[in-house]
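What follows is a single structure, written as structure tokens, with notes after it.
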Amino acid sequence: MKTAYTTFSSQLMHQSDDGRLSKEQFVTELHARLDDSSRADVIEILSEALFNIADTARINEVSKAEFVDLATAVGDAAPSIA
């Protein structure tokens, strides 16, 4: 899980210049990482739900700290990689 989280978050955050992603960037990057276009509706729903959970500041941006909090919420060992 730690490796998966690290890879996932670094791939998503690679588009960020300042360590933050807008909701649109987050969803776009998540879509780009998933190959099966037949699941686009599910992916969109899940990516937006995950973003809304992660965006605790409710400013339509996700910080690295919020990624760590999201991973912690789903039972990952993310605090050890923060």
Side-chain angles (χ1 to χ4, degrees):
M1 285 299 280
K2 182 177 177 181
T3 301
Y5 172 79
T6 302
T7 302
F8 175 73
S9 63
S10 68
Q11 287 179 355
L12 284 179
M13 295 302 285
H14 86 278
Q15 291 294 323
S16 172
D17 294 328
D18 62 354
R20 301 183 78 75
L21 291 176
S22 69
K23 185 174 185 176
E24 181 179 26
Q25 288 171 309
F26 180 94
V27 172
T28 298
E29 287 299 311
L30 186 58
H31 277 273
R33 302 293 170 253
L34 302 169
D35 294 329
D36 188 356
S37 62
S38 69
R39 296 183 184 191
D41 291 343
V42 172
I43 293 165
E44 185 167 342
I45 291 166
L46 291 175
S47 61
E48 290 200 26
L50 284 171
F51 182 89
N52 290 336
I53 292 167
D55 181 22
T56 58
R58 301 294 179 246
I59 59 172
N60 285 325
E61 294 180 345
V62 177
S63 67
K64 182 176 180 179
E66 287 171 321
F67 261 113
V68 170
D69 291 344
L70 173 63
T72 300
V74 295
D76 195 6
S80 66
I81 64 166

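The CD1 atom of I53 lies 12.0 Å from the CG atom of D69; values are rounded to the nearest 0.5 Å. Atom CG of L21 sits about 5.5 Å away from atom CZ of F67, to the nearest 0.5 Å. Annotation: the span from E66 atom CD to F26 atom CZ amounts to 10.5 Å, rounded to 0.5 Å.
Contact detail for N60 and D55: the closest heavy-atom pair is N-OD2, 2.8 Å.
With sequence neighbours excluded, the residues forming a side-chain contact (heavy atoms from CB on, under 4.5 Å) with A65 are S63, listed by chain and number. For N52, the side-chain contact (heavy atoms from CB on, under 4.5 Å) partners at least two apart in sequence or on another chain are K23. Under the side-chain contact (heavy atoms from CB on, under 4.5 Å) criterion, T28 pairs with E24, not counting sequence neighbours.
For residues 9-21, the salt bridge (charged side-chain N to carboxylate O under 4.0 Å, His left out) pairs, not counting sequence neighbours, are R20-E61.
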